[in-house]
2 protein chains.
Amino acid sequence: MARAAGVSTSTVSYVLSGKRPISGPTRQRVERSIRELGYRPHAGARALASSRTNVLALMAPLRVDVNVSVIMQFVTGVVTSARTFDHDVLLLTQDDSAGLERVADGSMVDALIMMDIEADDPRVPVLAGLRQPAVLIGLPTNTEGLSCVDLDFEAAGRAAVRHLAQLGHRQVALIGSPTAVLERHTSYADRMHRGFTQQSAELGLDHAYEPCESSHSGAVDAVDRVLARMPHVTGLVVHNEVALPAVIATLRERGRTIPDDLSLVAVCPHDIAVGQPVPLTSVDIPAHAIGRVAVEMAMSRVAGQQPAETRLLAPVLTERATTAPAR
Amino acid sequence: MARAAGVSTSTVSYVLSGKRPISGPTRQRVERSIRELGYRPHAGARALASSRTNVLALMAPLRVDVNVSVIMQFVTGVVTSARTFDHDVLLLTQDDSAGLERVADGSMVDALIMMDIEADDPRVPVLAGLRQPAVLIGLPTNTEGLSCVDLDFEAAGRAAVRHLAQLGHRQVALIGSPTAVLERHTSYADRMHRGFTQQSAELGLDHAYEPCESSHSGAVDAVDRVLARMPHVTGLVVHNEVALPAVIATLRERGRTIPDDLSLVAVCPHDIAVGQPVPLTSVDIPAHAIGRVAVEMAMSRVAGQQPAETRLLAPVLTERATTAPAR
DNA sequence: ATGAAAGCGCTAACAG
DNA sequence: CTGTTAGCGCTTTCAT
């Protein structure tokens with residue numbers, strides 16, 4: 001191809017990379033030939049010579065029980081943002097370290113992004129042995145030397161409780177993630193729980209916590225357990241997007257009118273909060289933004305020697321139709 | 001690395017690929033060194049030399065309005081299945097042909113799989129210009145020379161109608177996809193509509209069709225439109241997983257008891273059908289299986305000279321709690 | 001501002 | 001059954 005433009009291959013390489021000054025005319029000719037011949041550099045050859053692949057690995061847990069639509073938003077956030085940095089995304093769905101090592105050691109990717117981090121995640125130690133930088137969406141217990149990003153779920157839990165407390169609610173409950181998620185000590189579930197519990201305690205509120213399976217019957221059970229433990233509950237925080245509709249329906253069936261009898265704060269993505277029959281007061285999970293930040297952190301680590309850092313996005317609570325002053 | 005095992009690099013290559021007989025002892029030594037040194041072939045170098053990347057491109061429409069969980073199942077089906085062929089998956093989410101050409105012309109992938117095919121999909125013509133084979137999940141109008149796979153939605157529509165007719169229902173309606181999906185002439189929506197309509201006509205049933213936005217209010221509207229057009233409807237087919245719960249809730253609010261007053265057949269993945277408050281009679285959308293078949297077709301095209309073919313999976317209707325004989 | 005040439009780490013003839 | 005070697009198509013010194 002280079003020869004068609006009457007230049008050397010290195011010149012073509014340089015106009016493509018911009019890593020050295022090219023005279024106007026030369027650049028013109030090269031760019032014209034590129035266009036006319038529909039030339040594309042061979043990704044493998046480029047990777048071999050430059051040890052950069054322009055590909056990012058994204059390890060996403062595509063378990064169906066877990067909140068699919070939220071994951072999807074993370075994924076789109078990552079993919080869209082990666083394109084901004086001229087990168088494509090390799091999707092790994094088996095959350096074992098084998099996949100990590102395969103793509104990393106095989107030099108298939110420039111960096112890795114991992115979702116669904118657990119407190120003591122077995123994948124984290126292997127990251128240390130990889131040449132490529134990694135960014136975690138979520139926080140393991142020990143974040144030393146790690147790049148992490150997530151919504152500050154602890155602050156989110158606190159914000160939800162404070163909102164309810166300010167409205168005068170004294171009996172609050174949290175309906176959270178499925179027990180499977182809790183047992184894995186998935187980072188966000190633990191942090192949410194902690195924030196909710198601590199803030200409730202600090203404000204002197206009665207508080208209860210119930211996990212909730214992501215199914216209709218799971219939601220019914222969770223609501224019934226809450227009502228049994230705390231019959232006079234008037235403030236409810238729900239951190240389970242899948243169960244949300246069923247939780248609301250069950251509350252109604254049990255004779256609780258929202259927000260007259262009971263105020264509800266959801267912790268979920270914006271579109272879910274406003275897509276319900278009645279718009280929910282909610283703490284937003286900015287999945288798309290988190291995905292974007294993850295990519296930005298990854299790319300900056302790839303580029304320079306930016307040190308690892310952990311970034312927690314501040315929660316934003318938006319009041320909608322499901323919270324009201326306690327009577 | 002090869003030298004650590006006392007063999008030539010080509011021998012290593014051959015034990016890895018199995019493309020030529022290796023003596024027992026030699027193979028042992030090589031495999032041991034591989035393990036001890038944690039050796040991994042460089043993907044780029046391999047791609048350069050062999051012009052095989054062991055990567056598949058998957059173009060998935062990650063629009064939020066479209067049924068996210070179903071898409072996710074396709075994606076996991078593809079990724080999981082790709083791994084059985086020792087392939088990874090590059091995820092493209094912008095459904096323009098630019099992405100196709102980038103990954104194909106750059107030799108980043110061995111084959112392409114595209115979802116969300118429209119009747120006259122603008123991406124299809126560009127496939128012809130690519131070196132890599134492509135498989136479509138869904139059917140464009142003209143499938144000549146194309147590899148396509150999907151549920152036979154037309155047969156699914158017919159099956160749903162036949163089931164209702166056999167139960168004695170004479171007034172049937174279909175609540176379908178959002179108008180945006182219809183206007184793009186997304187393949188499955190058109191085919192479903194056709195199957196429903198034709199079978200209803202052939203059986204002499206009164207039939208009505210209403211699109212349905214994927215939101216609570218969209219569902220309410222659709223139900224109300226159906227009831228307005230066809231007050232005595234007793235058979236309903238719903239092909240819109242997102243709206244499904246709201247459709248059912250609205251029906252109840254309008255005083256229709258299921259299945260006493262009205263029988264309902266959903267067209268949706270198995271887990272959605274059985275995850276509702278009451279298990280739905282449904283025609284399964286075997287998303288995982290379709291994804292798997294797509295990969296199999298892609299790999300067989302990559303391997304040999306299998307000709308392009310289109311495969312439509314036969315629908316399976318499972319009777320559950322939402323259909324009953326007409327009174 | 002451009003070219004020449006040495007790899008990058010594999011695969012696949014081609015020899016034996 | 002195994003080794004030698006010529007590329008694969010780029011990037012990047014090193015020259016000029």
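Computation of the quantities below employed the complete heavy-atom set of this structure, encompassing side-chain atoms and omitting hydrogens, waters and symmetry-equivalent molecules. Chain identifiers are assigned alphabetically (A, B, ...) following the order of the sequence lines, protein sequences preceding nucleic acid strands; residue numbering begins at 1 within each chain.
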Which residues, if any, of residues 18-29 of chain B bring a heavy atom under 4.0 Å of DNA chain D?
B:Arg20, B:Pro21, B:Ile22, B:Ser23, B:Thr26
Of the candidates C:dG9, D:dG3, C:dA12, the side chain of B:Ser50 sits closest to C:dA12
Taking salt bridge (Lys or Arg N to Asp or Glu O under 4.0 Å) as the definition, give me every residue that meets it alongside A:Arg311, ordered by chain and number, with sequence neighbours left out.
none
Between the base of D:dT11 and the side chain of A:Ser17, is there a donor and acceptor pair under 3.5 angstrom?
no
Using only heavy-atom distances, decide whether a donor-acceptor pair under 3.5 angstrom links the side-chain of B:Tyr14 to the base of C:dA12.
yes
What is the distance, rounded to the nearest whole Å, between atom CE of A:Met108 and atom P of C:dC10?
14 Å
What's the closest nucleotide to the side chain of A:Ser13 if the choices are D:dT12, D:dG9, C:dG3?
D:dT12
With respect to the side chain of A:Ala45, which nucleotide from D:dG9, D:dT2, C:dT11 is positioned closest?
D:dG9
Give a yes-or-no answer on whether the side chains of A:Ser81 and A:Thr84 include a donor-acceptor pair shorter than 3.5 Å.
no
Any chance the side chains of B:His185 and B:Asp190 put a donor and an acceptor closer than 3.5 Å?
yes
May I ask you to check whether B:Thr80 and B:Arg292 show a side-chain donor-acceptor distance below 3.5 Å?
no
Nucleotide D:dT11, atom P - distance to CG of B:Leu48 in whole Å
12 Å
Round to a whole Å and report the spacing from CZ of A:Arg131 to C1' of C:dG9.
12 Å
Considering the options B:Glu309, B:Gln306, B:Arg301, which one meets the side chain to side chain donor-acceptor pair (under 3.5 Å) requirement together with B:Ser147?
B:Arg301
What residues 34-43 of chain A contributes to the DNA chain D interface at heavy-atom separation below 4.0 Å is A:Tyr39, A:Arg40, A:Pro41, A:His42
Between A:Arg191 and A:Ser187, is there a side-chain donor-acceptor contact under 3.5 Å, judged purely by atom types and distance?
yes
Starting from P on C:dA12, measure out to CG on B:Leu16 and report it in whole angstrom.
12 Å
With nearest nucleotides of DNA chain D determined for B:Thr11 and B:Ala49 from heavy-atom distances, which residue corresponds to the more 5′ nucleotide?
B:Thr11
Decide, yes or no, whether a salt bridge links A:Asp88 with B:Arg102 under the criterion of side-chain N to carboxylate O below 4.0 Å.
yes
Does either side chain, that of A:Thr11 or that of A:Ser8, offer a donor lying less than 3.5 Å from an acceptor on the other one?
yes
A:Arg184/A:Asp121 ion pair, N-O < 4.0 Å
no
To the side chain of B:Ser10, which of C:dG9, D:dG3, D:dT12 is closest?
D:dG3
